Amino acid sequence: MVKKYMKAAILVKPGNMEVREVPIPEPSYGWVRIKVKACGICGSDMHYYKGNYPELEPDSIIEEKVLGKTYGHEAAGIVDKPGEGVTGLKIGDRVVVIPPFSCMKCEYCRVGLYEDCMDLKIIGYEYPGGFAEYMNVPDRNLFVIPDDISFEEAATLDALTVGVHAVHRGGVSISDRVAVLGAGAIGIALIAVAKKAGAREIFVTAKHPLQRRIVEKMGVSKIYDPGEKGLAKKIISDACSMGVDCVFESVGVKGEVLEFGVSILRKGG
Ligand SMILES: [Zn+2]
Ligand SMILES: [Zn+2]
């Protein structure tokens, strides 16, 4: 008998996600159904789950926008059924999901800035995501992963690409002193990529013990508690009394942390 239903986690109300039986989705033209093997929990997923929805307009109807959905955009899995018109992927391919689904028509898309698309949709937000046994994904939002990368590793790619993009934009190179504020998934990605880019010293603020342990293992110049007194002065003095060449803010709160970041930059940094 062909399986018709699957389990999917649905956000029923803030703080309450229920696993329900729902129909297995059919892929439409140009889309691919994948069997989900791993799916990361993003900071944004946690916001939706808890009921703080930072990017929603104040007057929007939260129920419509957020409840009743299946989240999870950091997904990896196996091609289960390519829809009509899909040529580059076949059943059994191991793939990772690229969440932003851009319109390919607006001014941003035309110059290749797909994430800035004026009509951007996210697979795992506007479209059902990977907290389910199966999900549908446009074929251009899937990349085949090498055999030696696990599904769990592939599911972290979303965070890692943020690190790659930011370090590239920051122009980090071999003589640079870098500060990474915050050591969550994005902070850790930033550290990993800044190291690869050859940063000579990396200074990190990490709030939680687990984050500190991970960062210690990665090998950075110094780890600070973000609540430390006189922290800006300390970092500046550790950075040759000049301040750092490049600061990355990965805490994700507006205001204070950004200002702090600017205050520890060297002249021209
Ligand atoms: Zn994410
Ligand atoms: Zn667009």
Side-chain angles (χ1 to χ4, degrees), residues 8-11 14 17 28-31 34 36-56 65-67 69-77 95-132 135-143 145 149-169 180-193 207-208 210-211 214 248-254 257:
I10 292 166
L11 186 63
M17 215 173 238
S28 48
Y29 189 92
W31 286 57
I34 68 166
V36 179
K37 300 297 279 183
C39 190
I41 300 171
C42 185
S44 57
D45 295 320
M46 289 305 290
H47 284 305
Y48 303 134
Y49 177 70
K50 287 180 187 164
N52 16 324
Y53 314 112
E55 75 268 35
L56 293 186
K65 292 251 186 186
V66 182
L67 300 184
K69 293 188 178 190
T70 297
Y71 291 98
H73 55 267
E74 300 176 1
V95 288
V96 65
V97 175
I98 308 301
F101 182 39
S102 42
C103 77
M104 305 303 269
K105 290 179 204 148
C106 72
E107 289 299 316
Y108 286 105
C109 285
R110 281 189 212 178
V111 294
L113 296 170
Y114 305 118
E115 280 78 17
D116 298 322
C117 171
M118 292 163 88
D119 190 23
L120 186 69
K121 304 274 193 291
I122 302 291
I123 308 296
Y125 180 64
E126 277 91 358
Y127 295 94
F131 298 157
M135 69 189 285
N136 281 341
V137 184
D139 62 350
R140 67 177 149 97
N141 285 60
L142 289 171
F143 278 111
I145 53 173
I149 290 186
S150 69
F151 292 112
E152 289 79 6
E153 285 167 337
T156 66
L157 205 69
D158 182 49
L160 187 65
T161 53
V162 176
V164 172
H165 183 64
V167 169
H168 182 67
R169 286 208 68 169
V180 176
L181 308 179
I186 302 292
I188 285 166
L190 284 162
I191 295 165
V193 183
K207 193 173 174 186
H208 304 291
L210 174 66
Q211 295 175 341
I214 294 171
F248 296 102
E249 190 285 308
S250 73
V251 179
V253 287
K254 286 178 186 151
V257 187

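Start at 1 and go down the list; that is how both ligands and their atoms are numbered. Quantities reported herein were computed from a predicted structural model and do not represent experimental measurements.
- Taking CG of Leu160 as the start and CD of Glu153 as the end, the distance is 11.0 Å to the nearest 0.5 Å.
- The distance from atom NE2 of His73 to atom CE of Met135, rounded to the nearest 0.5 Å, is 10.0 Å.
- Among heteroatoms of the N, O or S kind in Glu74, OE2 lies nearest the Zn ion (ligand 1).
- Asp158 lies close to the Zn ion (ligand 1), since one of its N, O or S atoms is found at a distance under 2.8 Å.
- Vertex the Zn ion (ligand 1); arms to Cys42 atom SG and His73 atom NE2; angle 100° (nearest 10°).
- Atoms CG and CD1, on Leu157 and Ile98 in that order, are 6.0 Å from each other to the nearest 0.5 Å.
- Using bins of under 30°, 30° to 60° and over 60° for the plane-to-plane angle, the ring pair Trp31/Phe101 lands in the perpendicular bin.
- Considering the Zn ion (ligand 2) as centre, the angle to SG of Cys106 and to SG of Cys117 is 120° (10° rounding).
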